[in-house]
Amino acid sequence: MGGAAAGAVPMDGHDFALWEKRVDALMILGSGKGHFTVDGLRRALEDMGEPAFESMSYYERWIAAINQNLIEAGVYSLEELGEKMAEVDARGETYAAAQGISE
Amino acid sequence: MPHDHHDHLSPSGHPYRQDNDSGLTYWQTMEIAVRELLVEKGEVTASQIADQISAMDERSPANGAAVVARAWTDPDFKARLMDNASDASREMGFDIGPMHLVAVENTAEVHNLIVCTLCSCYPRNLLGLPPDWYKTREYRSRAVREPRAVLREFGVELANGVQVRVHDSTADMRYIVLPARPAGTEGMDAEALAALVSRDSMIGTGLPRTPSST
């Protein structure tokens, strides 16, 4: 990406949402546990290709990369992820409603 | 009408992202699932996650500003900072982690600019999380290609004779700019000087405030 032509730098910012801060924390803690390196995350990010940079937000790309690395590291399986996501999805229609009971 | 969009602004005046107040997204579902799986597997605890978020929230550009102000007022510290910015920052009590931090000094002849063309590596332990623009395709693409044009967008107009050095960060090596101490600050102590050090001045996209502008 470095050196490519691009438009004016967008200056608008936003406050980080809780889910984004959690993705950031999972990145730090997961890498602290030795399940992946920043290079491993970057490889996953680059494998997503250019379209992901247009269609997904920053932390959406990061959770996808963290998830891929955790599955590759054998921390949990694709099946376990699928079952858990279905369970989370069934809890409610908003981020707050989808939190587990332990929250 | 100042109140028209009141509901869409956070206390800091920034708009909430769409995904903060709309329905659950696929990627939010994935975040919850990944987090819960990690807790269920005994990899992390919920309190470790909360503690990590708090630690990150507490980091702000004020940390970096304190380091800069000390370097402006303590020549021995400045020498240690230029030699090894990780150790010098730790000396002031900041948790730098394992990363190798390199301080680059702005002078009348040289202006330094920091970017991460690959991703979003940033001296987060001293400055907090990077601003959104730092992570944009536009900044990452153009900072190494036409830094002077990018600087102009940030309101920084450099004299023709000033050399621009662009530093591309990596996961293990991150840069922080030591801005030049503004003129007219001779009598100020480190605390007053730190108030002049903006976040952008430590990335290179800004200059420190001057005493008359604060």
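Chain letters run A, B, ... following the sequence lines, proteins first, then strands; residues in each count from 1.
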Criterion salt bridge (Lys or Arg N to Asp or Glu O under 4.0 Å) against D24(A), the qualifying member of R35(B), R59(B), R124(B): R124(B)
Interchain contact, I63(A) with chain B, by part (heavy-atom threshold 4.5 Å): both
Atom group of L81(A) that falls short of 4.5 Å from chain B, counting heavy atoms: both
D57(B) and F16(A): CA distance, side-chain angles, deciding distance, side chain to side chain contact (heavy atoms under 4.5 Å, CB included) verdict: CA-CA 10 Å; D57(B) 277 347; F16(A) 294 105; over 6 Å; no
I32(B) side chain near R91(A) side chain, heavy-atom distance below 4.5 Å: yes
Among V150(B), D168(B), L38(B), residue most engaged with chain A (heavy-atom pairs, under 4.5 Å): L38(B)
Spacing of OG1 belonging to T25(B) relative to CH2 belonging to W19(A), to within rounding of 0.5 Å: 5.5 Å
Within-4.5 Å side-chain heavy-atom neighbours: F154(B) and V9(A): yes
Rounded distance [0.5 Å steps], CH2 in W62(A) versus CH2 in W27(B): 14.5 Å
Among I49(B), V39(B), V44(B), residue most engaged with chain A (heavy-atom pairs, under 4.5 Å): I49(B)
Pair M30(B)-E60(A), side chain to side chain contact (heavy atoms under 4.5 Å, CB included): steps then yes or no: CA-CA 9 Å; M30(B) 181 180 280; E60(A) 288 175 347; over 6 Å; no
Proximity breakdown for P147(B) and chain A, heavy-atom pairs closer than 4.5 Å: neither
Side chain / backbone / both / neither for M56(B) at chain A, heavy atoms under 4.5 Å: side chain
Under 3.5 Å: donor-acceptor pair, side chain of E36(B), backbone of G100(A): yes
SB check K21(A) E31(B) (cutoff 4.0 Å): no
Heavy-atom pair count under 4.5 Å with chain B, highest-scoring of E80(A), K84(A), H35(A), R61(A): K84(A)
Check: G7(A) main-chain N/O paired with R142(B) side-chain donor or acceptor under 3.5 Å: yes
Which atom of G92(A) lies closest to which atom of L24(B), heavy atoms considered: O-CD2, 4.0 Å
Straight-line distance of M85(A) CE to T29(B) OG1, nearest 0.5 Å: 5.5 Å
Chi angles and distances behind the side chain to side chain contact (heavy atoms under 4.5 Å, CB included) call for E50(A), R137(B): CA-CA 10 Å; E50(A) 291 264 325; R137(B) 152 195 300 276; 3.3 Å; yes
Inter-residue atom distance H14(A).NE2 - D132(B).CG, 0.5 Å rounding: 5.0 Å
For chain B, the option from N67(A), L41(A), V23(A) that forms the most heavy-atom pairs under 4.5 Å: N67(A)
Approximate separation, where rounding is to 0.5 Å, of E20(A) CD and Q28(B) CD: 8.5 Å
Engaged part of E46(A) at the chain B interface, taking heavy atoms whose separation is under 4.5 Å: side chain
Closest heavy-atom pair and its distance - G3(A), R145(B): O-NH1, 2.6 Å
Smallest separation among heavy atoms of E153(B) and A8(A), with atom names: OE1-CA, 3.5 Å
Within 6.0 angstrom of E191(B) CD, more than 12 heavy atoms from elsewhere: no
Residue, of A50(B), S120(B), G97(B), A143(B), that accumulates the most heavy atom pairs under 4.5 Å with chain A: S120(B)
D39(A) side, atom CG; T170(B) side, atom OG1 - distance, nearest 0.5 Å: 8.5 Å
Contacting region of A97(A) [heavy-atom separation from chain B under 4.5 Å]: neither
Side chain to side chain contact (heavy atoms under 4.5 Å, CB included) between L37(B) and V75(A), worked out: CA-CA 9 Å; L37(B) 284 169; V75(A) 176; over 6 Å; no
Minimal non-hydrogen separation, S141(B) against A4(A), with atom names: CB-O, 3.1 Å
